[in-house]
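Proteins get letters first, then strands, A, B, ... in listed order; numbering begins at 1 in each.
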Amino acid sequence: MESLDLHKITVRELNQFLHKELPGKGVKKLEILNPDGVHSIAAGMDTEVDIDIQGHGGYYVGGMNKHANITVHGNVGWGVAENMMSGTVRVKGFASSAAGASGHGGTLIIEGDTSLRCGISMKGIDIVVGGSIGNFSGFMAQAGRMVICGDAGDGLGDSMYEAVFYVRGNIKSLGADAQIEPMTDADYAAVQELLNRAGFKHDPKEFKRVAGAKKLYNWNADANQEY
Amino acid sequence: MCGIVGLLVKNQKMRADIGKLMLPMLIGMTERGPDSAGLAIFGAPVSNADRKFSLYAADEDFNWQKLGHDFTNHLGTPARIEQKANHAVLTTHLEPSTVRVWLKEHYPSLHLLSVGQLMDIYKDTGTPAEVAERYSFQNLQGSHLVGHTRMATESAVTPAHAHPFTAGEDWCLVHNGSLSNPNSIRRMLQHQGISFETDNDTEAACRFLEWRMREGDDLRTALNKGFDELDGFFTLLMGTKDQLALVRDPFACKPAIVAEHDDYVAIASEYRSLAHLPDVKNANLYEPMPEELYIWKV
């Protein structure tokens, strides 16, 4: 297996290799050693390849990812898989703020907790969190699904559009326009499918559905600015 | 943007190497704060009646020996002066108020960075590596320290505007973030007779918290009042003679990560400043929650 050591090369050299040289090499699996919290590791991937990051990543790990399956054997900083298009990013530890922000597609799996603003402005990504998520998560989430196996913090799904969240634990508070809705058979199937993808064993019956009430879609002159 | 680092060494044997352990932490935060750096180190206390005064001279060739002579002649008692580049630590048993007045009268160009029995402060402009080299940070010894790398966003880049800021004795604060109401806090404190060295927003927070504690609040109560009064973004790391304390604003807009190990507690804005620490693999790594006060005792 190809092994790249961030004690020996810079992250710029690493990413240039991943972008320019890797696609022609036919490599199916590689590992990155000594990430040590460096930023932008394996950001901008555009190749089908399995990447194992052996340690803790910094900001924007797997940002803008397309096609690659990236596993971080540790924690990550802000903005993991931000703006992801496709592929998978799995974090074995915890993720800091803004995990999966603006993600268009693919799957982000976080086995531990995530910090604030997880899935903010998500646009089609699927996010599965094994632990709990911080405050203001899913703010203005436009499309995609988020499964939260633990608890959710304050202001979940504030001003959310068409995205749907499934929460197993407690929700500290819902954001403006977010509401708890009854689970349908399609919801149970969706939760089961996402849990299977993540490898988490929970009963979909334990989850509740959170979605936007869509009351903010149109200007309401009678609301007196009280939302 | 700025970087903060803190280190509290629990293992007595490692305290002689606190400077060496910290150095890569501070340098690791260079991208977050390349224009200035500073550090407060809490070492062995001076004897009971003594106080240490950390001083900064803008002039590289400042004559510290002459200051020592003048001090003895004017005040009738000698002071111990240890110089490091254009910083010096002056130790005397005279009252801080006496020393302050004397310094202001005879050496108005000097900056008094801190007063205390354990704490020395070094801060200056330049990259963290340059500042660390200038003041031999790798040789520092002590139980705990608070460091900062600055990328100025709201006030000038000068040594006085660098962090840590201090108020009172053996108390310092570093800040990552920005306050939106430092001027109204400054005006409120000025009415209480509190004077300011700079127009920096962090100095307003520092003097506010120190004022609350001087008025009888403990740190937790002072910080709760801070949540009411301080508007803006902040991760604040504070050092006292026997503890480090950390708090993040309600929106946790600025990062922080903690590594708790049997031998040490290390705090930084980002993990890349902790990656080199010995046996960090076995440390308990976590992100401090917003609006919660974390305190680690020496």
Side-chain angles (χ1 to χ4, degrees), chain A residues 5-7 10-12 32-41 53-61 72-80 91-99 110 112-118 120 131-137 139 150-155 158 172-173 175, chain B residues 1-5 21 23-34 149 151 176-177 227 233-235 246-261 266-292 294:
Chain A
D5 188 344
L6 280 170
H7 280 181
T10 64
V11 72
R12 178 166 292 184
I32 296 167
L33 305 177
N34 297 309
D36 285 359
V38 167
H39 291 192
S40 307
I41 295 171
I53 300 172
Q54 305 290 1
H56 305 306
Y59 289 15
Y60 319 125
V61 173
V72 183
H73 298 266
N75 311 318
V76 290
W78 288 34
V80 63
V91 178
K92 295 276 197 181
F94 67 76
S96 187
S97 293
I110 295 147
D113 297 334
T114 81
S115 191
L116 293 84
R117 297 178 281 278
C118 178
I120 185 169
S132 297
I133 64 171
N135 299 342
F136 320 121
S137 288
F139 174 63
D151 301 329
D154 268 324
D158 193 293
K172 199 170 173 199
S173 71
Chain B
M1 196 186 271
C2 291
I4 60 170
V5 299
L21 284 170
L23 195 58
M25 294 178 73
L26 196 74
I27 290 171
M29 288 292 95
T30 301
E31 286 171 29
R32 295 190 69 90
T149 66
M151 185 188 287
N176 173 201
F227 283 125
F233 307 134
F234 50 86
T235 293
L246 180 93
V247 72
R248 300 175 77 192
D249 70 70
F251 294 88
C253 277
K254 297 295 171 182
I257 184 159
V258 178
E260 287 192 16
H261 187 274
I267 302 127
S269 299
E270 296 179 36
Y271 177 75
R272 55 181 161 161
S273 273
L274 306 178
H276 72 282
L277 286 166
D279 196 38
V280 73
K281 274 182 191 164
N282 291 315
N284 175 27
L285 284 175
Y286 64 92
E287 267 198 16
M289 302 290 279
E291 238 179 333
E292 259 185 51
Y294 294 80

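Listed here is the closest heavy atom pair of B/Ala252 and B/Pro290: CB-CB, 3.9 Å. Among all heavy-atom pairs drawn from B/Val247 and B/Glu292, the shortest one is CG2-O, 3.6 Å. Scanning both residues, B/Leu274 and B/Met25, for their nearest heavy atoms gives CD2-CE, 3.8 Å.
Only the backbone of B/Tyr286 comes within less than 4.5 Å of a heavy atom in chain A; its side chain stays farther off. Contacts of A/Asp36 with chain B are made by both backbone and side-chain atoms, with heavy-atom separations under 4.5 Å. Neither the backbone nor the side chain of A/Asn34 has a heavy atom closer than 4.5 Å to any heavy atom of chain B.
By the 30° and 60° cut-offs, the orientation of the rings of A/His56 relative to B/Tyr271 is perpendicular.
The most heavy-atom pairs under 4.5 Å with chain B, out of A/Ser96, A/Gly58, A/Gly77, come from A/Ser96.
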